[in-house]
Amino acid sequence: MSKKLFYNLLAVLMLASLVLSACGTAAPAQPAATEAPAKKNYTYADLTLCYPQLGAESDWRTANTASIKETADKLGAKLIFSDAQQKQENQISAMRSCIQQGVNVIALPPVVEDGWDAVLQEAKDANIPVIIVDRSVSADKSMYVAHIGSDMELEGKKAGEEMNKLLPNGGNVLEISGTTGSGAAVGRAKGFREALNANIKILDSQTGNFNPTEAKPVAEAFLKKYAGQIDGFFIHNDGMAQAVVEAMKAAGVKPGDIKMVSVDGTRGGFQLMIDGWVQADVECNPLLGPQVFDMALKIMNGEKIDPEILTNETVFYPDKATELLPTRQY
Ligand code: AHR
């Protein structure tokens, strides 16, 4: 072997050993056989959940609040609860306060769909997961971890189908809707229109903000303006349906003269069915506490969660109302 060839070979060998040792250093350390990915074992006692409730406008909402509070108590979790009195800005301030306090999870029942991006981003930046509860938001799904609640559009569709059955020959209906811009009102109005037969005309639609006190004057004005032309009412919740019935009684309308479809399935709604005013009540279930806390703990422990949990709901009718009323929890 020539001297030149010998030195070339030596240089190649040295370079190869350098490369190999460098590769060895850069390679990620393999976990020892005993090391497993860190398993989190948080319990409910470690969980602080923030629930910026949107208000107290209905029996549905009261039942939802009770479900959240009772579940927290039962499980021994800490709850930071507030009442935004129907104001989005109050819900946003409550969320910001929860972010500052470093809660583990925020569960938000949004009063309206739009306008959540900034505060959701703040929660994300602070590594606080947000579960959207009850109504929906229009923000991108990447801004929150999951939604637990009802399919509001499906509820509206069911209401439309019930109205079709009640008015087989068509007719004129009026709608008193929930809070303008809320996922519940938007979804129910959309689904109702999609399902309604072409021979049924919506004469008018006004909001009652899911609130009986606000719905009553709307019903009174409707009954005056459209006297003699109304075949049906679609009311977005039972509390407002109770107010509409008061207005109908005052206007001399008898049970069943004007067909009524309502939403929620509260005890008040059941009583309206028993008394002959409401012919179909589309269920909307407020008892979401157990699902919310279960998901919150799973998130803390890094467990897999379902990003969309929609409640299975039915339609209630007068024929079973008397039997079912004592079993109703709200
Ligand atoms: O978002 C759910 C709706 O809000 C319920 O139907 C209504 O009663 C409540 O206030």
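Remember, it's 1-based here, ligands and their atoms both numbered in the order they're listed. As the structure is a computational prediction, the values presented were derived from the model and not from experiment. Sequential numbering from 1 along the given sequence is applied to the chain's residues.
One distance of note links CD1 of Ile80 with CE of Met95; it measures 12.5 Å at 0.5 Å rounding. Atom OH of Tyr330 sits about 10.5 Å away from atom OG of Ser67, to the nearest 0.5 Å.
With no hydrogens or angles considered, a side-chain donor-acceptor pair links Gln86 and Glu57 at under 3.5 Å.
The closest protein non-hydrogen atom to atom 9 (C) of ligand 1 is Glu57 OE2, 3.3 Å. In terms of protein heavy atoms, atom 5 (C) of ligand 1 is closest to Asp264 OD1, 3.4 Å. Among protein heavy atoms, the minimum distance from atom 2 (C) of ligand 1 is reached at Asp134 OD1, 3.3 Å.
The distance from ligand 1 to the heavy atoms of Ser58 drops below 4.0 Å at these ligand atoms: 7 (C), 8 (O), 9 (C), 10 (O). Heavy-atom proximity to Arg135, at under 4.0 Å, picks out these atoms of ligand 1: 1 (O), 3 (C), 4 (O), 9 (C), 10 (O). The contact set between ligand 1 and Ala184, taken as ligand atoms under 4.0 Å from a residue heavy atom, comprises 1 (O).
In this structure, Glu194 pairs ionically with Lys190, as a charged nitrogen and a carboxylate oxygen lie closer than 4.0 Å. Between Lys157 and Asp151 there is no salt bridge, since no side-chain nitrogen of the basic residue lies less than 4.0 Å from a carboxylate oxygen of the acidic one.
Thr266 pairs in a side-chain hydrogen bond (donor to acceptor under 3.5 Å, both in side chains) with only one of the listed residues (Asp59, Asp281, Asn237, Asp238), which is Asp238.
With atom 7 (C) of ligand 1 as the reference point, the heavy atom nearest to it among Val111, Asp238, Asn237 is part of Asn237.
For Arg188, the heavy-atom gap to ligand 1 drops under 4.0 angstrom.
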